[in-house]
Every structure is written in structure tokens, then in C-alpha cells.
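Input: a single structure, listed below in C-alpha cells.
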Amino acid sequence: MTNLLVMKFGGTSVGSAGRIRAAAALVESARTKRPVVVVVSAMSRITDLLLDTMKHAEAGDRAGIDSNVRQLRARHHEAALGDIELIARIDALIAEFERLVNGMAMLGDRPARSVDEAVAIGERLSSVLFAACLNAAGSPAAALNAAELIVTDAVFGNASPLMEHTSERSRRVIEPLLRRGIIPVVTGFNGSTLDGRPTTLGRGGSDFSASILAAALGAAELWIWTDVDGIMTADPRLVPDAKVLAEVSFREAAELAYNGAKVLHPRTLAPLLAPGIDHAIPVWSKNSFAPEKPGTRIVGRLSTSEGARAVTSMSNVALVSLESANAALSGVQVMARALDALARTNVEVLAISGSSYRQSFCFLVRSGELGRTIEALEAALALEIAHGYVQPIDVDENVGLLAVVGEGMRGTQGLAGRVFTAISREKVNIIAIAQGSSELTIAIVVHREGLEKAVRAVHAECHL
Ligand code: ADP
Ligand code: ASP
Ligand code: MG
């Protein structure tokens, strides 16, 4: 399909009947010029509500379940604006959710694959609402469940796409619809294994769904509609004078996303750059609340780039330190074993830093993955720790990550020094520093309580 445009709308962009109407209008205007595929998130805060309901179910808390389901129903009924047929479809999906949740309550357990099936109902509800809104306005549309289109591995809660199968399936379903002038409205966030077990792609994963579909369908462009004017020099919630970047490179956008800029899911850009894709598919990040603004264009190569371009942060992280306690075991050997153990349990190391003199090293993981991290390390190093070859594992949860990103940082002398000085001036303790070999990012671990101050100081120092 030539000139195909994939438009993804995030939770706030479909958060009410009014927001859905505004988003649908953007789709209607784009599709007068070219074929459009829509990808939608669940309405804002609905995914949290669904996950919370499942926690109540596991704990056998009936009142908690009922109160959450009431909220779920009220929010979606309100968005259905009295359309009886639409309300019936919503109720059928909510009944499906309740059936899954009741199963969890009965088991006293939340099996990962049932969680994925149940949580994706948030996106199925919003895709039904969105398609109905288009249909009501005279633009034929069909709600599609991505479980029928996106084929993934079986890593429940954080699945990865199998692109060949995905491409085959999504073309088979979507192209005939487009040829008949019907707008496909696909659920973000979910997929299924080859043998049909429901999966999800990780929190915030609807951006990833959109890029998977854009790559699978050979789209010409991907527009990601959100609630800010584009990718900014910092999170505007932390830094009020953050500015919108007109252009960022794929590599910068990926570094920003991996280091905590929530505006883009970390894995979004990977499918668009994968081997077999002959040219990178351009991506725009745009504000559905101010669609006239230009937004940010994510491109393969920047015309010019000087110094740092943006600063990001992550607060839900933990620093794990390991140190050899015996000359018979080098720090590198400890590191090799530890990283091997982490790779096998699918824990992502966000930053890593070492000291050859002390034979020690430390690395940063997400707080949510800390439990698994420690379990894996203790299992892999049990003997060494027991016999005093390795010091007991040290964990610091009172930390945050700050990252400065920019293609042009390579050529800017003294930048790292200025960044460190700016942080120290705020009397914030720097705990660890890591710089990737690409020199695109300087990652700095600081004390948690100083994180926001440090972000603002670095933003000001780098004249962002
Ligand atoms: P959506 O629901 O549309 O996917 P998200 O909440 O996931 O939206 O992402 C948008 C939010 O990302 C913004 O409201 C903003 O607070 C946050 N954000 C963090 N870092 C940045 C950044 N560098 N530029 C823009 N927004 C950012
Ligand atoms: N609704 C999912 C979440 O909140 C996916 C997304 O919004 O991107 O994580
Ligand atoms: Mg998001």
C-alpha cells in the first residue's frame, strides 16, 4: 500500500468522548489524502485500573474488584454517549474482563498470560469506541484486536514481535480493509504467540505496536499523537522551560526513550531500523491537543547537531554493586558471571560502571526487576559468596538516573565536566557515571532526592 500513514493515539488523546472525537477528526482529515491505519492505547489510567483489579482478585477482595469494575464501566459508558449498540459491545468486553478476573479470584493467583489477556481489554474497549466514532461521522472503520495481527514470542508482559509472521498476518487482514476504504483501528499494547496465547509488549507499549505495524505494512510514515508538543529538551513536568526539538535523530530518540523520556516507548524505533527495512520510516511526535503545532520529526540523520540536546531521568531504579573479595577471582570474572545470569533471566541493565583497582563494578536496573536481579545473582554466585570470594551483594534503592543525550556531544570539549560541576553545585551526590562508546549519552547515577534538582541544573547549564 503506497504512502500509508500509521497514526497512534495515546491514553490522554482518547481519554474521553471529546478527545476521541478530536482524534477521529485528525484521522478523517489525513485520510482524505492517503490510506491511514489507526493504533489506540487504552483510555488514560485504564491500564492501571485493570492491573489494580487483578491485584484485588488475587487477594480475594470482592469489594475492590466490584468498585473497580464500576469505574471501568462508568468511564466507557460515558464515552459511548448513549449509543445503545456501542454500550452493548462495551458491556460484552467488560464481561470478558470480569470472567478472567473471577478466575484469578478463584485461583488466588494472577497467571502472567491471563494478566496479558485481561489487561489488553483496555485497548479493545478504546478501539471499539474509536471505530464507532469514525463510523458515526460517516467514515467507515473497523476495530481490530492486535492479537490477530501481531505475532510475538511468549515473554508475557514484555513480548517481542516475530516480524515475518506479523507482516504476513497484518497485510492479510489490513490491506483488504484499506482497499475497501475502511479505516482499521487496531489495539495498541497487545499481540499473541503463534499458537494464539495473548501477550502484551510492556507498559507504554502502544508506541511499539504502532511501529511494529508501520514496519510490517511498509508504511511511509508514523505519527505518534500524545499530550505534549513533541520530544522536548526535558520532561516538561520536571523542567517548566523545556523546549520542543524540531528534529531528533533515531539514535537520539532511542537513547532518550531508553533513559526515561516517557514520550516514546524505548523499543519503538527498533522495528523501523531493522535489517530488511530499506529506508528508515520517518516518525513524528505530535500533540493531539494542539495539532497545528509542528511537533518533532525523528529522522535518520540530522543536518547539524551541537552539544547536548536533551536531559532525561528515571527514578524507579536501583544500583547493584558487586566486588571481588579474593585475588583468585578478578572483577571481570565476577562481572562476566553476573551479566550472564542477568541475560538469562531477561533483566535489562540500564547502565554499568566499573573500577579495575577495586575489582568492583556496579550496574543499574529497574526497581521492578530488582527482585529477579538479586535472585539471579545469588543463584549464580552462591558458592563464591559463601566462601568469601565475592563480597555480599550491595543494593542502593535510593538512587536515580540522569542522562544527557546528543549526537553533537562527541565534538564538544569539556561538556562532561560542566555537567558534573552543575550537579555538584546543587550539592547532589554523584554515585556513578557511565558513558556509552557511542558518546551519544552520559548517564549519571545520583541520590534520589537530588534527581529533579540535578535535571534542572543540567538543563540550564547546557542551555537547553
Ligand atoms: P501517551 O499516553 O500519549 O503515550 P505518555 O504519558 O506515555 O503519553 O508520554 C507523554 C509524556 O511524556 C508527557 O506528558 C511528558 O510528561 C513525558 N515526557 C518525559 N520526557 C519527555 C520529553 N523529553 N519530551 C516530551 N515529553 C516527555
Ligand atoms: N495502555 C498501556 C499502558 O498504559 C499501553 C500504552 O498506553 O502505551 O501501559
Ligand atoms: Mg506512552
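Order of listing sets the numbers, starting from 1, for every ligand and every atom in it. Counting from 1, the numbers follow the sequence of the chain as shown.
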Q.
I need the nearest protein heavy-atom contact for atom 6 (C) of ligand 2: residue, atom name and distance, please.
A.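 Here the closest protein heavy atom is Ser206 OG, 3.3 Å.
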When you measure from the side chain of Asn259 to the backbone N and O of Thr312, does any donor-acceptor pair fall under 3.5 Å?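 No.
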**Asked** Would you say the side-chain atoms of Thr268 pair up with the backbone N or O of Leu264, donor to acceptor, closer than 3.5 Å?
**Response**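 No: the side chain of Thr268 does not pair with the backbone of Leu264.
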Item checked: Axial cation check for Phe289 ring with Arg19, 6.0 Å and 45° limits ->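 Output yes; distance and angle both within limits.
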Can you tell me if [X] has a non-hydrogen atom under 4.0 Å from ligand 1?
| X | value |
| --- | --- |
| Thr312 | no |
| Ser41 | no |
| Gly230 | yes |

Let me see the working for Ser160 and Arg267 under side chain to side chain donor-acceptor pair (under 3.5 Å), right down to the final yes or no. CA-CA 9 Å; Ser160 298; Arg267 294 199 280 168; 2.8 Å; yes
Can you tell which of [options] gets a heavy atom nearest to [atom]?
| atom | options | value |
| --- | --- | --- |
| atom 3 (O) of ligand 1 | Thr233, Thr12, Thr226 | Thr226 |
| atom 3 (C) of ligand 2 | Arg45, Arg203, Glu123 | Arg203 |
| atom 7 (O) of ligand 1 | Lys243, Lys8, Lys262 | Lys262 |
| atom 27 (C) of ligand 1 | Leu256, Leu238, Val14, Val263 | Val263 |

In this structure, are over 12 heavy atoms from other groups packed under 6.0 Å from Arg456 atom CZ?
->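 Buried by this count: over 12 neighbours within 6.0 Å.
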Discussion item. For Phe189 and Phe208, I'd like to know if the aromatic rings sit close, meaning centre-to-centre distance below 6.0 Å.
Written reply: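 Ring centres of Phe208 and Phe189 not closer than 6.0 Å.
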Discussion item. Can you tell me which portion of Ala234 lies within the under-4.0 Å heavy-atom range of ligand 1? Options are side chain, backbone, both, or neither.
Written reply: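 It is the backbone that gets close, since no side chain atom is under 4.0 Å.
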- Counting each atom of ligand 2 from 1 as listed, which ones have a heavy atom of Ser41 under 4.0 Å away?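 Answer, ordered by atom number: 6 (C), 7 (O), 8 (O).
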query: Can you list the ligand 2 atoms lying under 4.0 Å from a non-hydrogen atom of Thr47?
result: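 Per the distance check, 1 (N), 2 (C), 3 (C), 4 (O).
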Polar-atom distance check: Gly204 versus ligand 2, any N or O pair below 3.5 Å?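 Right, the criterion is met.
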| said: Check this for me - ligand 1, Arg237, N or O atoms closer than 3.5 angstrom, yes or no? | reply: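 Between Arg237 and ligand 1, an N or O pair is found under 3.5 Å apart.
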- Query: Does the pair Ile212 and Met163 meet the rule for a side-chain contact (heavy atoms from CB on, under 4.5 Å), with working shown?
  - Reply: CA-CA 8 Å; Ile212 291 168; Met163 286 309 288; 3.8 Å; yes
Nearest atoms (heavy-atom pairs only) where Val317 meets Gly400:
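The pair with the smallest heavy-atom distance is CG2-CA, 3.8 Å.
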Original post:
Given the rule in the side chain to side chain donor-acceptor pair (under 3.5 Å) test, do Asn68 and Asp52 qualify, once you have shown the distances and angles that lead to the verdict?
Top reply: CA-CA 8 Å; Asn68 280 13; Asp52 182 63; 2.9 Å; yes
message = Looking only at the side chains, is there a donor atom on one of Asp61 and His56 sitting less than 3.5 Å from an acceptor on the other?
response =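 On atom types as modelled, these side chains qualify, holding a pair under 3.5 Å.
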* Examine ligand 2 and decide if any of its atoms is less than 4.0 Å from a heavy atom belonging to Gly10. =>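 In this structure, Gly10 fails to qualify as a contact of ligand 2 - no heavy atom is under 4.0 Å.
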### Query
If you count the atoms of ligand 1 from 1 in the order shown, which ones are under 4.0 Å from a heavy atom of Gly11?
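In order of numbering, the contacting atoms are 2 (O).
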